[in-house]
Amino acid sequence: MVRAIVFATLLILLPAVVSGQSNEAPAVALKDLRGRTVRIGDYRGKVVLLNFWATWCPPCRAEMPALVRLQQQYRRQGLQVIGITYPPTELSAVRRFIRSIGVNYPVLLGAVETKAMFDTGETLPLTVVIDREGKIRDKIEGILLPKEFEEKVKPLLR
């Protein structure tokens, strides 16, 4: 049922996003690792980095310690990193991994349809940059490099 709702939402929103008519971030509500519902819209007023990743993706795993540092360093300026898992994934593997590196930001359980609401490509990791007004400002395929953060995210924190 949830997948059907997400897919229906995707069908409604994707044409507008692709055609450039709107760059408003889709309304997404996902479960966190404790089963609580988290809405991306709840973070309006912050600069959000939605980071799609998977436990089986070596570049994703390599990138996450840097995301932990960015969240710690720029939290007070309004940065909010949100990790969204990409399937297939085992909840126990996700929990073990995020504990092992000390993830300090929310991790939500995503689906293929969730990522497709933001990007239809196959690349992981994928980071979607959302400004304080809830608009998608950029998409970064692959590991978020320091230079990209400086150019695409840091100006939004000012």
Side-chain angles (χ1 to χ4, degrees), residues 6 10 13-14 16-18 20 22-33 38-91 93-158:
V6 169
L10 170 68
L13 294 176
L14 190 58
V17 172
V18 170
S22 170
N23 61 350
E24 189 79 20
V28 176
L30 299 169
K31 298 286 184 186
D32 69 10
L33 299 180
V38 176
R39 289 170 181 72
I40 304 303
D42 293 344
Y43 293 96
R44 188 168 277 225
K46 295 186 178 277
V47 175
V48 176
L49 298 183
L50 283 186
N51 180 257
F52 290 89
W53 69 284
T55 56
W56 47 262
C57 166
C60 301
R61 294 170 64 105
E63 174 185 52
M64 289 181 79
L67 294 174
V68 168
R69 285 189 299 277
L70 290 172
Q71 178 62 50
Q72 183 175 359
Q73 184 174 356
Y74 292 99
R75 171 185 65 231
R76 287 192 180 97
Q77 285 101 324
L79 180 69
Q80 181 60 62
V81 178
I82 301 173
I84 300 180
T85 63
Y86 188 81
T89 189
E90 290 182 26
L91 187 55
V94 172
R95 285 183 175 140
R96 264 193 318 275
F97 179 70
I98 65 165
R99 266 195 307 263
S100 74
I101 63 166
V103 170
N104 57 355
Y105 53 84
V107 174
L108 311 178
L109 302 172
V112 172
E113 297 86 0
T114 310
K115 183 176 177 287
M117 293 173 81
F118 294 92
D119 185 84
T120 57
E122 302 274 329
T123 303
L124 283 178
L126 172 75
T127 302
V128 179
V129 181
I130 302 172
D131 70 15
R132 295 177 191 273
E133 288 77 43
K135 301 211 181 312
I136 296 174
R137 296 295 292 268
D138 217 323
K139 293 180 206 163
I140 300 162
E141 293 185 351
I143 292 174
L144 173 62
L145 301 173
K147 181 178 180 185
E148 289 173 307
F149 182 84
E150 291 291 323
E151 292 173 359
K152 299 176 179 184
V153 181
K154 207 168 178 182
L156 301 174
L157 295 171
R158 294 187 181 120

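Treat the numbers as computed from the prediction; the structure is a model and nothing was measured.
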Nearest heavy atoms of [X] and [Y], plus distance in Å:
X: M64; Y: I98; value: CE-CG2, 4.4 Å
X: L156; Y: R132; value: O-NE, 3.4 Å
X: T89; Y: T55; value: OG1-OG1, 4.2 Å
X: E148; Y: I143; value: OE1-O, 3.4 Å
X: A29; Y: R39; value: CB-CG, 3.7 Å
X: L67; Y: V81; value: O-CG2, 4.1 Å

How long is the span from the [atom1] atom in [X] to the [atom2] atom in [Y], to the nearest 0.5 Å?
X: I136; Y: L50; atom1: CD1; atom2: CG; answer: 8.0 Å
X: L126; Y: L144; atom1: CG; atom2: CG; answer: 11.0 Å
X: L157; Y: R76; atom1: CG; atom2: CZ; answer: 14.0 Å
X: N104; Y: R69; atom1: CG; atom2: CZ; answer: 11.0 Å
X: R99; Y: L33; atom1: CZ; atom2: CG; answer: 9.5 Å
X: D138; Y: N23; atom1: CG; atom2: CG; answer: 11.0 Å

Backbone N/O of [Y] and side chain of [X]: donor-acceptor pair under 3.5 Å:
X: Q71; Y: L79; value: yes
X: K115; Y: G110; value: no
X: R95; Y: E90; value: no
X: R61; Y: W56; value: no

Counting C-beta onward and ignoring hydrogens, is there a side-chain heavy-atom pair between [X] and [Y] closer than 4.5 Å?
X: F52; Y: V128; value: yes
X: P59; Y: L124; value: no
X: N51; Y: P125; value: yes
X: I40; Y: I130; value: yes
X: Q80; Y: R75; value: no
X: W53; Y: T85; value: yes
X: I82; Y: V48; value: yes
X: L30; Y: L109; value: no

side-chain contact (heavy atoms from CB on, under 4.5 Å) assessment of I140 paired with F149: CA-CA 10 Å; I140 300 162; F149 182 84; over 6 Å; no
All pairs passing disulfide (SG to SG under 2.5 Å) where residues 48-80 contributes a residue, at least two apart: C57-C60
Counterpart residues, salt bridge (Lys or Arg N to Asp or Glu O under 4.0 Å), relative to K154 (two or more places apart): E150
Evaluation steps, side-chain contact (heavy atoms from CB on, under 4.5 Å), between V129 and D131: CA-CA 7 Å; V129 181; D131 70 15; over 6 Å; no
Full working for salt bridge (charged side-chain N to carboxylate O under 4.0 Å, His left out) between E151 and R137: CA-CA 12 Å; E151 292 173 359; R137 296 295 292 268; over 6 Å; no
